[in-house]
Number of protein chains: 2
Amino acid sequence: MPDAQFTIGDAANASGVKVPTIRYYEEIGLLPPPPRTEGGRRSYGRADLDRLSFIRHARELGFEVDAIRTLLALQETPDQSCAAADAIARERLIEVERRIASLSALRAELERMVEGCSHGHVGECRVIDILADHGKCAHHRMV
Amino acid sequence: MPDAQFTIGDAANASGVKVPTIRYYEEIGLLPPPPRTEGGRRSYGRADLDRLSFIRHARELGFEVDAIRTLLALQETPDQSCAAADAIARERLIEVERRIASLSALRAELERMVEGCSHGHVGECRVIDILADHGKCAHHRMV
DNA sequence: CCTACTTCCTCTAGCGACTAGAGGAGCAAG
DNA sequence: CTTGCTCCTCTAGTCGCTAGAGGAAGTAGG
């Protein structure tokens, strides 16, 4: 017998993707519908577990489902140039860098807020003050 | 005449919050329903514009609508202690710091991916490779 | 074999914070 | 008067799930 079969619960345990999420991935076409047992239960093979792990890892890295779809398609045709995969990862890197920059600005502003807070009344609270008056603020755009 | 009146479009221009979003904020109770003109149009005053700017700024800083609700309530009673506002900002700061840390790990991993990419075939593509095999990856958890 | 328990099935609805679009009315300028 | 803009309400869609109802199938123990 070549490969063992797994229930959806096994697949969830092995991949770290929750059971309803696996069904959801099937619904949106990220995971092919597996064969069913006599009783109508989904029966996954090794390849499905790998695919799920791939998806999960990519999701953790913040790739969108559409990007993952592309990456999975690429993965299936290994003779192709990997320029597309590279481009997707690069795009994502740029996005992450942008987010880090914007969150750093954010952190600075929040630090200014809580450091400036005199713990007195709301009337002279720096937190509220900065929020109310954009002019007092160094922050300009969040992405 | 004490204060001028503004259309929803004016309010959108002045605050940077889009027209449908202003109506949405009214619907969820972030912004009080303004009086209407004879023709049934919303008519905003200065205080509404300020409130909208406050909301927008807080949203840009990543505060959730519920947190903003609390902050707005605090703002309206300036004699109170500002400890609550301080706590909300501090929580948000911690969250932002966590996100920065996790995105930095992410960036490192994406850099490793694109640097390792030999621009050859998908078969030996580092991007796909790392995604497929979590073991090859330094990353552990995203928040 | 029966029972209890867990896991699975499908289906619908909800989350947050909007955004898009339909279909219609008001209003100001030329 | 007509063009064209803004405004109105309403419903439905976005993304990536998550929750819950109601029921069937499989499994372990007595």
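Each chain gets a letter, A, B and so on, in the order its sequence line appears, and its residues count up from 1.
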Mind checking what makes side-chain hydrogen bond (donor to acceptor under 3.5 Å, both in side chains) contact with B/E95, not counting sequence neighbours? B/R92
With A/S43, which residues qualify under side-chain hydrogen bond (donor to acceptor under 3.5 Å, both in side chains), at least two apart? A/Q5
State, without any angle test, whether A/D10 and A/T7 hold a side-chain donor-acceptor pair at a distance under 3.5 Å. yes
Phosphate oxygens OP1/OP2 of C/dC9: is one of them under 4.0 Å from a side-chain N or O of A/R42? yes
Nearest non-hydrogen partners of A/H57 and B/L131, listed with the distance: ND1-O, 3.4 Å
With sequence neighbours left out, what residues match A/A85 under side chain to side chain contact (heavy atoms under 4.5 Å, CB included)? A/L71, A/L74, B/C125, B/V127, B/I128
Reading DNA chain D 5' to 3', which nucleotide is the first, and which the last, to come under 4.0 Å of any heavy atom in chain A? D/dG16 to D/dG26
Show the nearest heavy-atom pair for residues A/L72 and A/I55, with the distance to one decimal. CD1-CG1, 4.0 Å
B/P35 meets the side chain to side chain contact (heavy atoms under 4.5 Å, CB included) criterion, sequence neighbours left out, with none
Contact list (N/O, under 3.5 angstrom) for nucleotides 1-3 of chain C vs protein:
none

One thing to verify: whether B/R51 and B/D48 come together as a salt bridge, which I'm taking to mean a side-chain N less than 4.0 angstrom from a carboxylate O. no
With sequence neighbours excluded, residues passing salt bridge (Lys or Arg N to Asp or Glu O under 4.0 Å) with A/D86: A/R90
Kindly write out the residues that satisfy side-chain hydrogen bond (donor to acceptor under 3.5 Å, both in side chains) with B/E38, not counting sequence neighbours, or none if the list is empty. none
Distance in angstrom units between A/R23 CZ and C/dC9 P, rounded: 5 Å
In short, side chain to side chain donor-acceptor pair (under 3.5 Å) pairs touching residues 13-36 of chain A with sequence neighbours left out are A/E26-A/R42
A/P20 or A/G39, whichever maps to the more 5' nucleotide of DNA chain D: A/P20
Using atom names, set out every protein N or O paired with an N or O of nucleotides 14-18 of chain C below 3.5 Å, distance rounded to 0.1 Å.
from: C/dC18; atom 1: OP2; to: B/Y25; atom 2: OH; distance (Å): 2.8
from: C/dC18; atom 1: OP2; to: B/R59; atom 2: NE; distance (Å): 2.9

Round to the nearest Å and state the distance from A/E38 atom CD to C/dC9 atom P. 16 Å
Would you mind reporting whether A/L52 and A/Y44 have side-chain heavy atoms less than 4.5 Å apart? no
side-chain hydrogen bond (donor to acceptor under 3.5 Å, both in side chains) filter on A/S104, not counting sequence neighbours, yields none
Listing time: all N or O pairs from protein to nucleotides 4-7 of chain C that are below 3.5 Å?
from: C/dT7; atom 1: O2; to: A/R41; atom 2: NH2; distance (Å): 3.3

